[in-house]
Amino acid sequence: MSSTQIQEERYLDIINQFAVGLLNQSTIKETLWSVIDNVVSKLDFYDCAIYLLDENKENLIQVASQAYKNKERRDTSATLIKMGTGIVGKTAVEKKARITNDTSLSEDYITDDQWRFSEITIPIIHENALIGIIDSEHPEKNFFQPIHLNILTTIASMVAIKVIQARHLENLEAREKSFNLIYSSTNDLIFLMEVEPDNIFRCVSVNRAYLELTCKKKNEVIGKTVDEIWEPERAEIILKHYQQAISTKKPVTYQIEFGTKEKPIIVETKITPVFDYRGRCTNLSGISRDITAAKQARDELKYEREKYQTLFSKANDAIFILKDDVIIECNDITTQVFGRERKDLIGRKPHELSPEFQPDGQRSDRDVPIGNFEWLHTKGDGSLFTVDVALTELSFGNGQYVQAIMRDITERIEAEEILRASEKRYRTLFEHSLDGIYKSTPEGKFVEVSPALVTMLGYNSEEELLAINIKDDLYFSHKDRYKHRNQYRLKKKDGSEIWVEDHGFYQYDENGNKIFHQGILRDVTAKNQKQKEMHNLLNVTSDQNKRLQNFANIVSHNIRSHSANLTSLVSFMEITTDEEEREKMFQMLKNSTSQLEETIMNLNEIITVNQNFNKPIEQRNLLEEVEKTLQVLNLEILESGVTIKTNIPPDLTIHIIPAYLDSILLNLIGNAVKYRKPDDKAMIKITAKALKRGEVRVRISDNGLGIDMTAHADKVFGMYKTFHDNEDARGFGLYITKNQIEAMKGRIEVDSELGKGTTFTIYFNEKH
């Protein structure tokens, strides 16, 4: 047998011993100490240390070390080596094993307790990610040989898998402990059943947790049999286990389901039979616990283990093993990735599975350095696909190999190109849109704003708008956001108001939590103002049309009545020959023409009111206006003996047409004087108050004759409507008063009772 064969057999034997040593290790420390012990003992090394990369990937932490053969282990977790520092740090950065035969010639060597002339450093790598470093030094020069490099490289690969496995197992065990803690701390259900003849089991005691979980009251359980407590199907299952416990004289554990189909609760119960001195079962004690969460946790834990086992046992990436740039081995997934049979891959060079030129313009048959890069390959059907390649050098015996791990990233590249094109289109729209585009957080901060939005809200720059708090700086009130569906008002930088139309949507994370709100704001201030103006115009037009129609009806009715009367009188005068009769007709004709003249004057008053709809509004002191009216009516008030009481704030002003207010006050106060009760002491109260909505309310109340509202409620403000037998009543004043109040954007209400008096309430609108 040649020395090479002997060396390879020894290599395989050592690898096998290492594999066996690692087989039964479960934790990271056990794994690393197993490697340390075997390296020092079986390879006759002077020392050995293992470093693991920290979470920040900045430092290597020495987690296990054994110096000098047969000496005790050392935990040296305080020893740190920064990435890129010394031979160990450089190896970690390069992720390439190295042997230093003479450290005195190396600028990278850093001594600790004493100088050693030889050093070997092997990176521990998994899926091209650095996990740690195996490092050994020796006082002799040229101590470490290629076989040491091969052995430690293979060991490093096994250690990488074991470390990853151990880390996953530690995570799984931590979760399992958490589940067990939940399981053990759950409130137990405790109950006691009394065994009666004929296998009748009656409940004698339960605890609070039992009642809470089963949603039963105490009187529904205590003193009741199993059949009385539970429905037949569940009672049958429970009785079966009770009888089993008695017959076997051993505790019986069973599971039963409570709750609903949508939210089931799984309860595990342990029944223990209690026997008396004669061997007769007298009681069954039960302890139950809700194991729903624990069962779900165990199922999830089992799933996680199976998933990780699948991950470790079978890679999803294509893998080539190359010798002298020729493919000598591949895994099963490679045939699927390349769309070729195994025989079409083995024995070929990678560039033969590629187009002549790569996307960068270089030839595919050029030398490629060890490391990571992207490469264009050809499938069996001639289609092209791109892979992410990780090349790693391997040494077996005296041979040098290259491992190529390839992941098909064609879809990712296509998606990235589509995304870039989409992003370009979005950016063009974002930068040039006339509407404001934004993206904000649930906490009320902008993370992205378009130039149009900056201008719309009156800010000087994007940075200035990004710095504000949306809820505090943009809303006049937080409730504004929800008043009008997708339209609401915002506060510009200068404090002025702007109305916007918001078309947006929420973005959610995988747990359903809101992470962003994205949308488009359109300035609809001018649009809303135009709509408001149009609405007001329509209201005014509609109101004027109603008045015009009402006026036309009055003219048509009243003039036609007078015209018909005059025509009849003239006809009678033409045919009568009796002078006395003609004189009588003539007097009637004079009366009719007089009434026609009065009607025309009344209609002229209505026209005057309607023509003054747009008459200028003036601000007047209400108390002063009332006092002027009372001065005008002073003689009538004195003669009638009416008492006038006023309660009007001296500084209360209203916006009105002065002539209309004079007419309104004269009419309403004059009517109160005119329609007093002759036998009672008359009293008139005039009060006024400013309301929150910007209106002024004026009330004129009397204790006079009153109006029968049951009979005349819809006629009070009608033309020619009278409610008493006064000879001078025309039934025209309240009609004119109502028209004058409405001409000033106000309204009038009446509350009256026959024989008890009348109250007129007027609302003057202050919003002009």
Side-chain angles (χ1 to χ4, degrees), residues 94-97 123-131 150 153-154 156-165 168 306-397 399-419:
E94 296 170 356
K95 292 193 285 191
K96 183 177 179 181
I124 304 171
I125 297 174
H126 180 73
E127 294 184 353
N128 203 38
L130 181 72
I131 295 175
N150 292 338
T153 300
T154 303
S157 298
M158 291 189 289
V159 168
I161 294 174
K162 289 297 291 185
V163 168
I164 295 297
Q165 276 184 324
H168 285 300
E306 290 175 353
K307 183 174 71 173
Y308 288 128
Q309 185 61 36
T310 301
L311 177 65
F312 292 137
S313 63
K314 191 166 185 177
N316 290 323
D317 296 327
I319 301 175
F320 282 156
I321 302 298
L322 305 170
K323 174 68 174 175
D324 298 328
D325 200 30
V326 175
I327 302 168
I328 63 173
E329 188 58 271
C330 66
N331 62 349
D332 293 339
I333 198 69
T334 304
T335 59
Q336 299 177 31
V337 173
F338 279 78
R340 302 171 185 265
E341 295 184 9
R342 185 182 178 84
K343 64 181 181 180
D344 295 330
L345 296 170
I346 304 300
R348 303 185 68 176
K349 295 186 176 184
H351 71 80
E352 296 175 2
L353 306 174
S354 309
E356 184 177 358
F357 294 95
Q358 289 296 309
D360 60 4
Q362 298 191 54
R363 296 184 60 85
S364 295
D365 59 0
R366 70 180 187 272
D367 290 335
V368 180
I370 297 297
N372 291 75
F373 53 87
E374 291 182 3
W375 197 263
L376 194 62
H377 277 299
T378 309
K379 290 195 174 186
D381 60 5
S383 61
L384 298 175
F385 67 103
T386 305
V387 294
D388 193 353
V389 184
L391 290 186
T392 307
E393 288 184 340
L394 301 175
S395 298
F396 295 105
Q400 297 292 321
Y401 303 89
V402 173
Q403 173 184 271
I405 300 176
M406 296 159 289
R407 177 169 296 174
D408 188 346
I409 59 171
T410 307
E411 291 184 0
R412 190 193 79 190
I413 291 177
E414 291 174 353
E416 288 175 351
E417 291 176 353
I418 294 172
L419 185 61

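The structure presented is a predicted model; accordingly, all values stated were derived computationally and were not measured. One is the number of the first residue; the rest follow in order along the sequence.
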Give a yes or no on this: more than 12 heavy atoms of other residues, nucleotides or ligands lie within 6.0 Å of atom CZ of R340.
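Counting neighbours around CZ of R340, more than 12 heavy atoms of other residues, nucleotides or ligands fall under 6.0 Å, so yes.
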Do other residues, nucleotides or ligands put more than 12 heavy atoms under 6.0 Å from K96 NZ?
no
Quick one: do F385 and K379 satisfy side chain to side chain contact (heavy atoms under 4.5 Å, CB included)? Show the steps, please.
CA-CA 7 Å; F385 67 103; K379 290 195 174 186; 3.3 Å; yes
Using the benzene-type ring in the case of Trp, are the ring centres of Y401 and F320 under 6.0 Å apart?
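Centroid distance Y401-F320: not below 6.0 Å, so no.
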Treating R342 as the side-chain partner and C330 as the backbone partner, does any N or O pair qualify as donor plus acceptor under 3.5 Å?
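Side chain of R342 to backbone of C330: a pair is present.
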Please check if the side chain of T378 supplies one atom and the backbone of L384 the other of a donor-acceptor pair under 3.5 Å.
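Absent.
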Which pair of non-hydrogen atoms, one from [X] and one from [Y], has the smallest distance, and what is that distance?
| X | Y | result |
| --- | --- | --- |
| P123 | L130 | CB-CD1, 4.0 Å |
| H377 | L353 | ND1-O, 3.2 Å |
| T386 | L376 | OG1-CD1, 3.4 Å |
| D344 | R348 | O-CD, 2.8 Å |

Can a side-chain donor-acceptor contact be found between N128 and N372 if the only test is distance below 3.5 angstrom?
yes
For the atom pair CZ (R407) and CD (E374), what is the distance rounded to the nearest 0.5 Å?
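R407 atom CZ to E374 atom CD measures 12.5 Å (nearest 0.5 Å).
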I need the I131 CD1 to I125 CD1 distance, nearest 0.5 Å.
9.0 Å
I'd like to check the side-chain contact (heavy atoms from CB on, under 4.5 Å) partners of I370; sequence neighbours left out, ordered by chain and number.
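Checked I370 against side-chain contact (heavy atoms from CB on, under 4.5 Å); matches are L391, E393, V402.
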Just to verify, what does D408 make a side-chain hydrogen bond (donor to acceptor under 3.5 Å, both in side chains) with, not counting sequence neighbours?
T410
Where at least one partner belongs to residues 339-359, residue pairs that pass ring-ring contact (aromatic ring centres under 6.0 Å, His included), sequence neighbours excluded
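Matches after skipping sequence neighbours: none remain.
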